[in-house]
Amino acid sequence: MGSRSQDQLRLEEPEMIRKQIADLIRRGLEAAQQAGDLPSFEIPAIIPVTLGRHAAHGDYASPICMSLARVLRRAPLSIAQAVAPHIPATEMVRQVQVAPPGYLNFALDEGWMARQVPRILEAGERWGNVNLGHGARVQVEFVSANPTGPITIGSARNAVLGDSIAAILEAAGYQVEREYYVNDAGSKVRHFGESILSRYAAHFGADIPFPEQGYPGQYVTEFAQKAAETFGRSLLDMPRDAAVRQITEWGVTQVLASVREDLADLRVHFDTWQHEKDFYTGGLFDELMDKLRAGGYVVEHDDAVWFRHPALKKDAVLIRSPRVIPNPAERPTYLASDICYLWDKLVRRGFERAIYVWGADHHGDVPRVRAAAQALGLDPKRLVFLLYQLVTLRRGGQKVRMSKSSGEFVTLRDLVDEIGPDPIRFMLLTRTMDVKFDFDLDLAVEQSDRNPVYYVQYAHTRIAGVLRTAVQRGFDLSQPGDPALLTHPSELALIRRLLTLPEVIAVAANYAPHHLTTYAGELASLFHAFYHECRIVSDRPEEQELSRARLMLSQATKSVLARVLHLIGVDAPERM
RNA sequence: GCCCCCGUGGCUCAAUUGGAUAGAGUAUCUGACUUCGAAUCAGAGGGUUGUAGGUUCAAGUCCUACCGGGGGUACCA
């Protein structure tokens with residue numbers, strides 16, 4: 001990736017203080033060995049460094065000496081004492097302390113910390129970037145809800161997870177493409193099309209039976225109405241198959257247009273829309289079937305074709321069968337599509353990694369797709385499956401069971417119209433994806449002003465307000481303040497947190513976007529505390545310099561808050 | 001039956017992925033605005049991290065069994 005990634009490495013990676021401290025420890029270990037204070041041994045490739053949880057433990061701590069104890073056959077405390085004096089002095093670290101049973105504790109230098117504030121301000125939206133990806137191309141495929149109806153709250157979780165993960169990966173140095181997979185070849189869309197056709201026929205007084213697994217929702221009737229305006233009676237005069245095909249295609253287009261719009265209002269956008277159908281028009285499916293057959297991964301009996309693989313518990317998984325689809329040449333089962341799709345992602349389009357954001361109800365499919373990748377000679381580790389637990393909806397204390405096929409669901413549209421994208425996005429990102437989300441509609445609507453998102457946004461607008469006041473009173477915000485004046489405990493606590501953004505992004509890049517909402521809340525809290533303890537805009541002549549320093553800190557905080565909110569797709573308003 | 005996820009103060013959830021004294025919000029109680037936005041702040045109480053074992057210097061985190069809740073397990077997608 002040439003010079004750009006070199007640049008990033010030099011400029012951005014050291015922003016992770018943890019990394020720098022790990023380097024210091026490594027150099028300390030080397031020096032201790034050279035000085036003969038420690039015997040010769042191989043220094044571990046990764047040196048663990050964590051944030052100190054208590055002020056007494058310093059800002060960062062490493063338990064490395066505990067794990068070295070076994071190798072060196074020496075007490076961890078004694079190892080730590082041997083290393084500590086050899087850790088090179090830097091302006092970043094004020095002191096290194098050894099604490100039982102063998103921790104190395106690092107306290108950052110307050111002056112150094114304060115001097116980072118203008119740098120944060122200068123970096124702006126770039127602050128926090130870490131180059132973990134080195135420009136690797138990855139694809140995040142998400143939402144991908146069947147195009148058979150409106151986007152529901154359930155898909156909303158998928159949408160905000162996928163979108164935020166994509167944004168975070170970009171901040172972590174990856175080249176990211178966001179994709180929506182359109183399942184337009186399966187039986188679901190056909191049932192959808194048949195449903196519209198039935199209602200459409202009814203509109204003209206004709207009778208086409210409603211399919212058994214059809215979609216009873218009111219929106220289908222509305223589609224039928226629109227279809228009647230678009231096509232007139234023409235669909236009634238053509239062969240049934242052709243009519244189904246045409247109205248299905250038309251219906252999918254209609255749905256996708258509204259899906260695109262609904263998601264856009266949630267601030268979710270896609271770079272590409274991959275249609276399942278396209279896999280069966282270019283010969284890809286046949287090509288891959290030949291590969292699998294050659295590898296002995298295909299079995300056939302009763303005219304049906306199955307995929308088998310030693311890694312699978314089940315004997316085999318169906319790929320195509322005349323009993324599923326009357327005309328199997330037209331379309332196999334969804335596993336076949338998944339096989340084409342993974343090849344398309346990893347080989348044809350050459351992504352180094354393909355990330356799938358799936359509801360936990362699809363977890364059973366993971367081994368199959370993995371096995372298929374393996375069978376095609378691809379490293380299954382390049383496929384990442386993020387399984388989030390489903391959203392259960394509560395209304396009036398009652399659980400609402402949602403599904404488009406039952407016609408009972410709450411649309412994303414309704415919720416966005418009612419409470420807006422910010423509370424939805426923030427709320428859905430406050431928890432790990434491993435826990436199911438109990439979404440209480442009444443509470444979400446009624447208490448939306450107590451949603452934690454407002455706490456964070458309020459901090460941002462409060463800063464904006466203070467800055468406006470400052471300008472009114474004649475402060476020039478473009479003029480940097482003197483960081484040396486930032487010495488109050490609440491100022492330093494705030495700065496400390498500003499400095500950890502790169503680490504938070506690095507952790508969040510491990511597919512854990514909820515760290516950002518947590519961080520945003522902490523940062524907001526620290527600012528509020530600082531605001532209460534320190535007068536920012538002072539009228540006293542002798543405090544002008546101090547005011548300028550604090551204004552600089554406030555601006556940096558505002559910038560970081562905005563950055564974090566933008567990463568999770570939440571607006572950072574100037575007023576509210 | 002088998003597979004996946006969860007079980008942490010009254011309630012909803014965190015815990016930088018195995019590190020030191022388990023943290024927030026909410027609820028309850030007490031306090032703080034004649035100067036920058038009170039949608040705010042400060043303080044208090046509240047815990048054997050479902051149970052029982054195990055792994056090691058170290059377990060909320062990993063392993064085993066069990067209990068409880070949710071989801072999956074079609075020639076559907």
Side-chain angles (χ1 to χ4, degrees), chain A residues 18 48-54 56-57 61-63 65-67 69-70 75-76 99-103 105 146 148 183 185-189 191 213 302-306 313-314 317-325 333-335 337-338 359-367 387-390 392 405 430-436 438 440 443 447 449-452 454-455 457-459 461-470 472-473 500 503-504 506-508 510 512 514-515 517-519 521-522 524-525 527-539 547 550-551 554 575-576:
Chain A
R18 249 164 72 196
V49 176
T50 61
L51 264 76
R53 287 222 251 207
H54 299 92
H57 298 154
S62 176
C65 298
M66 262 85 87
S67 48
R70 178 189 290 268
Y103 285 100
N105 290 335
N146 282 318
T148 55
N183 291 92
S187 57
K188 295 248 177 184
V189 282
H191 295 143
Q213 298 176 62
D302 299 341
D303 291 332
V305 181
W306 304 71
K313 287 200 168 175
K314 293 184 75 169
V317 186
L318 188 74
I319 290 184
R320 81 184 339 171
S321 160
R323 274 170 64 185
V324 185
I325 315 295
T333 68
Y334 75 103
L335 175 65
S337 301
D338 283 345
D361 52 337
H362 287 82
H363 89 269
D365 298 332
V366 172
L387 301 168
Y388 62 92
Q389 297 298 309
L390 299 180
T392 55
S405 46
T430 51
R431 301 168 194 190
T432 67
M433 61 180 91
D434 292 331
V435 306
K436 78 176 158 69
D438 244 331
D440 190 323
L443 220 65
Q447 297 199 338
D449 62 333
R450 278 203 281 160
N451 188 294
Y454 296 107
Y455 179 80
Q457 287 183 320
Y458 178 65
T461 58
R462 185 181 234 182
I463 297 172
V466 171
L467 296 180
R468 282 192 297 267
T469 303
Q472 276 168 19
R473 299 196 189 171
T500 62
E503 284 150 32
V504 173
V507 172
N510 197 15
H514 71 280
H515 281 109
T517 54
T518 306
Y519 176 78
E522 290 168 349
S525 169
F527 176 78
H528 287 311
F530 157 64
Y531 175 87
H532 276 272
E533 290 194 41
C534 298
R535 176 84 202 174
I536 299 170
V537 183
S538 172
D539 292 330
S547 279
R550 287 176 172 168
L551 283 167
S554 302
R575 297 171 203 269
M576 56 192 279

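Below, chains carry the letters A, B, ... as their sequence lines are ordered, and counting in each starts from 1.
- Pair assignment for B:rG1: B:rU73, on the basis of Watson-Crick or G-U wobble contacts that are both within less than 3.5 Å.
- Atom NE2 in A:H54 sits about 12 Å away from atom C1' in B:rG19, given to the nearest Å.
- Using a 5.5 Å limit on the distance between ring centres and a 30° limit on the angle between planes, the aromatic ring of A:Y103 counts as stacked on the six-membered base ring of B:rA20.
- Under the Watson-Crick or G-U wobble criterion, with both distances below 3.5 Å, B:rG60 is left unpaired in every strand shown.
- Expressed to the nearest 0.5 Å, how far CG of A:N183 lies from OH of A:Y334 amounts to 11.0 Å.
- At a threshold of 4.0 angstrom between heavy atoms, the contacts of A:A464 with the nucleic acid are absent.
- Here the nucleotide nearest the side chain of A:Q389, chosen from B:rU40, B:rC57, B:rG70, is B:rG70.
- Taking the six-membered ring where the residue is Trp, A:F527 and A:Y531 present tilted rings, their angle falling between 30° and 60°.
- In terms of heavy atoms, A:Q213 sits closest to A:H191 at O-CB, 3.5 Å.
- Residues A:Y103 and A:S62 form no side-chain contact, since every pair of their non-hydrogen atoms from C-beta on lies 4.5 Å or further apart.
- Among the atoms of the strands shown, none is found under 4.0 Å from any heavy atom of A:C65.
- Figure legend. B:rG68 is base-paired to B:rC6; pairs are counted as Watson-Crick or G-U wobble with both atom distances under 3.5 Å.
- At whole-Å resolution of the value, CZ in A:F527 and C1' in B:rA38 are 14 Å apart.
- Counting only distance, with no hydrogens or angles, the side chain of A:S538 and the backbone of A:S547 share no donor-acceptor pair below 3.5 Å.
- Between B:rC33 and B:rG70, the distance separating the two C1' atoms is 48 Å to the nearest Å.
- Pair assignment for B:rU40 gives B:rA32, based on Watson-Crick or G-U wobble hydrogen-bonding distances that are each under 3.5 Å.
- Rounded to whole Å, the P atom of B:rG18 lies 23 Å from the corresponding atom of B:rA24.
- In this structure, B:rG18 forms no base pair with any nucleotide, since neither Watson-Crick nor G-U wobble geometry is met with both distances under 3.5 Å.
- In this structure, the side chains of A:L335 and A:L318 stay at 4.5 Å or more apart for every pair of heavy atoms.
- Here B:rU35 presents its P atom at 15 Å from CD1 of A:I536, a figure rounded to the nearest Å.
- Stacking of A:H532 onto the six-membered ring of B:rA42 is not present when judged by under 5.5 angstrom between centres and under 30° between planes.
- At a cut-off of 3.5 angstrom, counting only N and O atoms as typed in the model, there is a donor on one side and an acceptor on the other between the side-chain of A:Y334 and the base of B:rA77.
- Using a distance-only test at 3.5 Å, with no hydrogens or angles considered, no donor-acceptor pair links the side chain of A:H57 to the main chain of A:R53.
- Distances shown here put every side-chain N or O of A:S538 at or beyond 4.0 Å from the OP1 or OP2 atom of B:rU35.
- The CG-P distance, from A:L51 to B:rA20, rounds to 12 Å in whole Å.
- Interatomic distance, OG1 of A:T392 versus CG of A:D440, reported as 9.5 Å (0.5 Å rounding).
- Remark: the separation of the C1' atoms in B:rC67 and B:rG31 is 45 Å, to the nearest Å.
- At a threshold of 4.0 angstrom between heavy atoms, the contacts of A:R575 include nucleobase atoms, whether or not backbone atoms are also involved.
- Nucleotide B:rU64 is shown with an anti base, its glycosidic torsion being more than 90° from 0.
- Spacing between atom CG of A:D361 and atom C1' of B:rA77 amounts to 10 Å, rounded to whole angstrom units.
- When the P atom is used for both B:rU51 and B:rG68, the distance is 15 Å, rounded to whole Å.
- If you take CG of A:L443 and P of B:rG25, they are 18 Å apart, rounded to a whole angstrom.
- Nucleotides B:rA20 and B:rA59 place their P atoms 10 Å apart, quoted to the nearest Å.
- As judged by a 4.0 angstrom heavy-atom cut-off over every strand, A:D365 is placed among the base-contacting residues.
- Side-chain atoms of A:V537 and A:V466, non-hydrogen and from C-beta on, do get closer than 4.5 Å to each other.
- In this structure, A:E533 places its CD atom 17 Å from P of B:rC36, rounding to the nearest Å.
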A:Y455 and A:Y458: CA distance, side-chain angles, deciding distance, ring pair (Phe, Tyr, Trp, His ring centres under 6.0 Å) verdict: CA-CA 5 Å; A:Y455 179 80; A:Y458 178 65; 8.2 Å; no

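- A donor-acceptor contact under 3.5 Å is not formed by the side chain of A:H528 with the base of B:rC41.
- Nearest nucleotide to the side chain of A:S67, out of B:rG37, B:rA20, B:rC57: B:rC57.
- One P atom belongs to B:rC63, the other to B:rA22, and the distance between them is 24 Å to the nearest Å.
- Nearest-nucleotide assignment on RNA chain B puts the 5′-proximal partner with A:V49, out of A:V49 and A:G465.
- Nucleotides B:rG10 and B:rU48 are separated by 8 Å at their P atoms, to the nearest Å.
- Nearest to the side chain of A:Y458, among B:rC4, B:rA39, B:rC76, sits B:rA39.
- With hydrogens and angles disregarded, no donor-acceptor distance shorter than 3.5 Å links the side chain of A:S525 to the backbone of A:G521.
- Between A:F530 and A:L390, the one whose closest nucleotide on RNA chain B sits nearer the 5' end is A:F530.
- Taking only side-chain atoms of A:R535, from C-beta outward, the nucleotide of B:rG37, B:rC36, B:rA77 with the closest atom is B:rC36.
- At the heavy-atom level, A:P63 lies under 4.0 Å from base atoms of the strands shown.
- B:rC66 and B:rG1 are spaced 10 Å apart, taking the P atom of each and rounding to whole Å.
- Rounded to whole Å, the distance from NE2 on A:H362 to P on B:rA74 is 14 Å.
- Pair check for B:rG47 finds none; no Watson-Crick or G-U wobble contact set falls under 3.5 Å.
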Under a 4.0 Å heavy-atom criterion, the protein footprint on nucleotides 7-15 of chain B, written with B, S and -, is -----SSSS

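- Using a 4.0 Å heavy-atom criterion, one finds that A:Y531 contacts the bases of the nucleic acid, with or without backbone contacts as well.
- Nucleic acid contact class of A:R468 (heavy atoms, under 4.0 Å, all strands): base.
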